[in-house]
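What follows is a set of notes on a single structure, which appears directly below.
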Amino acid sequence: MEEKYVPKNVEEKWQKHWETSKSFKVTEDRGKQKYYLLEMFPYPSGRIHMGHVRNYSIGDVVARFKRMKGFNVLHPMGWDAFGMPAENAAIQNRSHPATWTHENIAYMRGQLKKMGLSYDWDRELATCDVEYYAWEQRIFLQMFERGLAYKKTSYVNWCPKCETVLANEQVEDGGCWRCDSSVVQKELEQWFFRITDYAEELLDYTNKLPGWPERVLVMQRNWIGKSYGCEIDFPLDGNTGKIRVYTTRQDTLYGATFMSLAPEHPMALELTTPERRAEVAAFVDKVKKTDKIRRTAEDLEKEGVFTGSYCINPVTNAKMPIYLANFVLLEYGTGAVMAVPTHDQRDFEFAKKYDLPLQVVIQPEGEALDPSTMTSAYIEVGTMVNSGPFDGMRSDEAKEKIAEYLDREGVGTKTVNFRLRDWGISRQRYWGNPIPVIYCDSCGVVPVPEKDLPVVLPMDVAFTGEGGSPLAKIDSFANVECPLCGKPARRETDTMDTFVQSSWYFLRYCCPEFTGGPIDTPRAEYWMSVDQYIGGIEHAVLHLLYARFFTKVLRDLGYVNVDEPFTNLLTQGMVIKDGAKMSKSKGNVVDPNALIDRYGADTARLFSLFAAPPEKDLDWSDQGVDGSYRFINRVWKLVVETLPFIEHAGPVDAATLADNARNLRRMVHKTIRKVTDDLDERFHFNTAIAAVMELVNAIYAFEPKNAPENAAVLREGVESVVLLLSPFVPHVAEELWEAIGHQEGVEAAGWPVWDEAATVDEELLIVIQVNGKLRGKVTVPADATEELVKQAAFADERVQSWLEGKQIRKAIYVPGKLLNIVVG
RNA sequence: GCGAGAGUGGCGGAACUGGCAGACGCACUGGACUUAGGAUCCAGCACCGAAAGGUGUAGGGGUUCAAAUCCCCUCUCUCGCACCA
């Protein structure tokens, strides 16, 4: 063994060893308990960043720990490889997205290997490989057959210059993030997944995921947004037909004095009287030019326009003017809102602006609202007034009564509404999974027949950055024969949202080379669910909700037998430096390569685990890294120095140990217990590492190291340090383990087990308080009675001085810990 | 505004069901070894105080023999949602 710790030598040696002996390859072994550990796979953007280092270090500790404990650990890695940056890079560099992506993958794979992460690389997958996305097309078609994938028109952010849909986050200040053109709302036919069919179950299971952080579950519940209310029909005035609204406040129905429709509402134009047509059209046009972000911002001024038509309040028979209002969303509820200005703040502001009537129907206790003096809407519970038969009731009770009444009268029904909308998956992009359908003038939407699957992305494409989807311009791709009638037809040229790929990759990891379908069910049933999923909080809603949805769909298609994909979820915090998230623009980026070159992967891993608990943000500190490096050197030196004494030591004979040896041994076993608890139950890596540091300090302080009678205890201590550290710093641990004389690696050694008997204290330090203040400490035998502790306490001079001349009222004894003497 | 979480030395952070506040590490100070120290080792390190002692976990109040921990009020910060009818 080298005298001096040279990370590079150690790390290269063991990485090579792991690679050639395929140390982390796993198969389904029904004789062992399985453990599926997964970290969110990265987008191959070019190089890994510190967030990856942290995420994957956390995961690797758990993987190695579980392996040492005897679990059959599935720990895979792959690439979320479709997406826009590849296409943008292709436009810039005049290359191909596939080239760019595969080069990045090769480089980043090298980086991950340099970190010594214990993946089963044989299961590696990239979602842009046809071996992966082909199966996704199959799943899509099965969803299509069941009506879970369907087409509908919807409004989207559209850049007229790039001719493509933009996600909300790609719209900056109302303009396209790339070309700055003004973004418009465009009505487009798009493919959707019917996630709303699963809204109830997705919500329901947020109460059945105890291993998830509460805040993630709350976010998902909010996103799903279940509400209870009524749909109520308002007949048109002087016309047949009616407007249906959704409301959760049917208790305010008697106060509804006008009607607000979304500008895109299908009835908007037919309700507009001829003389108001020009004004209404101008308004609708203006709203459509506003992007969705600004449209739904709260500070947007409430604006509207009168259509010229009226409807009738079904309970008061009042004539209600029908307006279009910019804050009413077509996608939510029915796209129409009964406006109750007295009891809804938005309606209040709107009514004030357009001088619409106010009618109070709920009075707060001990107060009488007057519409002419109100300055804001009253939205709380109160007593019903001006509400016919419901007058005098509490408004929250009236809610139910009115719902029943409406049902009886046939003008409304109780309903449940969700905020969650179906998942639009169409992207007018090249670098994604082609949606496998064909459009035929005679036959309509025709799924690509099984024998023609997969629809492979053509490679000969020009990337100009102008003019919409590149796929649409490739005639050999877009022009096809209809599979049904043989007539010329057109292929779908939209591709799927990249979130689709990440919604089931964890299932494909169970059987990455399977050619009989997307998922090899017996194998998936062995591995699923993922026991521990680890990733950033930024995916709290979208990815994690989509993955849950997909798992349920795949369950219903018969591929898997689990209801939920991830049993336990750990959301790790961000990596911060100088008070801000690392970013190029802030110039506070730490490059993992530089870190590994200088200190080695073990130090990089150790620091990112030691500096903060995983779910909190981690403040990067260069000096802190030095400290971790120093610690590894200290451990290395400890082994070098003690090796001659422990090399030939046998097992510990507890009966023959001297006091200090017995004390050291107690600490060794307590540390094993502490580290095991921290890793097993709490993922408190920082305190686990701190405990090992304390043990290392204690072994350094232990003397004499060269006494033969101490050799066994010393050896047990040093070996424990090495094994306990091995999940954190695997390279150096393997090297030291080998140096101590073990032929087999640390995994074969197994996770150390503490001897409960060895952890039992012989003496206890009892804290003595007088009136709750610390006044002394006494050491007593571990089996000391309360009486004995009291004797010792009263014998203590310092304690005595605090008791002098005082009346002792009582003494509270907490066994083995503390004695509080109350005097007065 | 609503919801969730957090607030502890100069810094990152410990303190499991209320029981020694500040583990461990960083920084800092002093010392040793040294041609040298950005290596290593030893010691110190919440604040006030010479000491005895006192005061301290955002602030205020409460429960308790005992509160960082439980309860109430206030403040600050972070995150999420945010015209959702």
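Within every chain, numbering begins at 1; the chains are lettered A, B, ... in the order of the sequence lines, protein sequences first and strands thereafter.
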task = May I ask you to say what R346(A) touches in the nucleic acid, namely base, sugar-phosphate or nothing, with a heavy-atom cut-off under 4.0 Å?
result = base
query = Can the ring centroids of F350(A) and Y323(A) be said to lie less than 6.0 angstrom from one another?
reply = yes
key: Euclidean distance, atom OH of residue Y323(A) to atom C1' of A85(B) [Å, nearest integer]   = 18 Å
key: Chi angles and distances behind the side-chain hydrogen bond (donor to acceptor under 3.5 Å, both in side chains) call for N313(A), Y254(A)   = CA-CA 8 Å; N313(A) 184 320; Y254(A) 285 80; over 6 Å; no
request  = Identify which one of F631(A), Y599(A), W636(A) satisfies the ring pair (Phe, Tyr, Trp, His ring centres under 6.0 Å) criterion when paired with Y5(A).
outcome  = W636(A)
query = Between E804(A) and K806(A), does a salt bridge (Lys or Arg N to Asp or Glu O under 4.0 Å) hold up when you go through it step by step?
reply = CA-CA 5 Å; E804(A) 226 162 278; K806(A) 305 264 173 58; over 6 Å; no
key: G53(B) OP1/OP2 closer than 4.0 Å to side-chain N/O of R798(A)   = yes
inquiry  = Output the rounded distance in Å from CG (D347(A)) to C1' (C84(B)).
reply    = 13 Å
request  = Pick the C1' atom in C20(B) and in A67(B), then give their distance to the nearest Å.
outcome  = 14 Å
ask   = How many Å lie between CG on L329(A) and P on A85(B), as a whole number?
value = 11 Å
Pairwise P distance, A58(B) and A6(B) [rounded to whole Å] = 13 Å
remark   = Whether each nucleotide of nucleotides 6-23 of chain B has a protein heavy atom under 4.0 Å at its base (B), only at its sugar-phosphate (S) or at neither (-) is summarised, 5' to 3', as ------SSSSS--BB--B
query = Is there a Watson-Crick or G-U wobble partner for C33(B) with both distances under 3.5 Å, and if so, which one is it?
reply = none
request  = Compare side-chain N and O positions of K4(A) against OP1 and OP2 of U40(B) and report whether any pair is under 4.0 Å apart.
outcome  = no
Syn/anti state for G38(B) [syn: chi within 90° of 0] = anti
Interatomic distance, K637(A) NZ vs U40(B) P [rounded to whole Å] = 8 Å
task = Can you tell me the pairing partner of A68(B) across any strand shown, Watson-Crick or G-U wobble, with both distances under 3.5 angstrom?
result = none
task = For nucleotides C42(B) and C47(B), find the distance between their P atoms and express it as a whole number of Å.
result = 23 Å
request  = Give a yes/no on whether any side-chain N or O of R775(A) is located under 4.0 angstrom from OP1 or OP2 of A66(B).
outcome  = no
ask   = Within the modelled atom types, does a donor on one side and an acceptor on the other bring the side chain of R419(A) and the base of C81(B) under 3.5 Å apart?
value = no
ask   = Which value, in whole Å, describes the distance between the C1' atoms of nucleotides A32(B) and A39(B)?
value = 14 Å
query = Can a salt bridge be assigned to the pair R221(A) and E214(A) using a cut-off of 4.0 Å between side-chain N and carboxylate O?
reply = yes
Inter-nucleotide P distance (C45(B), G22(B)), Å rounded = 12 Å
query = For E756(A), does the CD atom sit with more than 12 other heavy atoms under 6.0 Å from it, leaving out its own atoms?
reply = yes
Nucleotide nearest M693(A) when distance is taken to its side chain, options A4(B), G25(B), G80(B) = G25(B)
Base-pairing mate for C84(B) - Watson-Crick or G-U, with both contacts under 3.5 Å = none
message = Students often get this wrong, so: under 4.0 angstrom with heavy atoms, is G225(A) touching a base, only sugar-phosphate, or nothing?
response = nothing
inquiry  = Using the P atom as the point on both nucleotides, what is the distance between G12(B) and A23(B), in whole Å?
reply    = 15 Å
query = Counting any heavy atom closer than 4.0 Å, what does R634(A) reach on the DNA or RNA strands: base, sugar-phosphate only, or nothing?
reply = sugar-phosphate
request  = For G624(A) and for E349(A), locate the closest nucleotide of RNA chain B by heavy-atom distance; then report the residue assigned to the nucleotide nearer the 5' terminus.
outcome  = G624(A)
ask   = Does a salt bridge link K790(A) with E786(A), judged by any charged N lying under 4.0 Å from a carboxylate O?
value = yes
ask   = For the pair made of OH in Y332(A) and P in A82(B), what is the distance, rounded to whole Å?
value = 12 Å
inquiry  = Do the side chains of R630(A) and D626(A) get close enough for a salt bridge, i.e. N-O under 4.0 angstrom?
reply    = no
Whole-Å gap separating C1' (A85(B)) and CG (N326(A)) = 14 Å
message = Using a strict threshold of under 4.0 Å (side-chain N to carboxylate O), is an ion pair present between D344(A) and R346(A)?
response = yes
key: Nucleotide paired to A46(B) in any strand shown, Watson-Crick or G-U, under 3.5 Å   = U55(B)
task = Let me know, please, whether Y700(A) or S227(A) comes out on the 5' side of the other along RNA chain B by nearest nucleotide.
result = Y700(A)
inquiry  = Between C1' on C24(B) and CG on N697(A), what's the gap in Å once rounded to a whole number?
reply    = 9 Å
request  = Using whole Å, report how far OH of Y599(A) lies from P of A39(B).
outcome  = 11 Å
query = Does the side chain of R630(A) get closer than 4.0 angstrom to OP1 or OP2 of C26(B) through an N or O atom?
reply = yes
task = For G62(B) versus A51(B), give the span between their C1' atoms, rounded off to a whole number of Å.
result = 36 Å
Base-pairing assignment for G9(B) (Watson-Crick or G-U wobble, both under 3.5 Å) = none
request  = Could you label the plane-to-plane angle of the F728(A) and F685(A) rings as parallel, tilted or perpendicular, counting under 30° as parallel and over 60° as perpendicular?
outcome  = perpendicular
key: Strand partner of U17(B), provided both Watson-Crick or wobble distances fall under 3.5 Å   = none
query = For C79(B), what is the paired nucleotide under Watson-Crick or G-U wobble rules, both distances under 3.5 Å?
reply = G3(B)
key: Watson-Crick/G-U partner (both atom distances under 3.5 Å) of A39(B)   = none
Euclidean distance for P, G3(B) against U8(B) (whole angstrom) = 25 Å
ask   = So what does W620(A) touch, heavy atoms closer than 4.0 Å: a base, only the sugar-phosphate, or nothing?
value = nothing
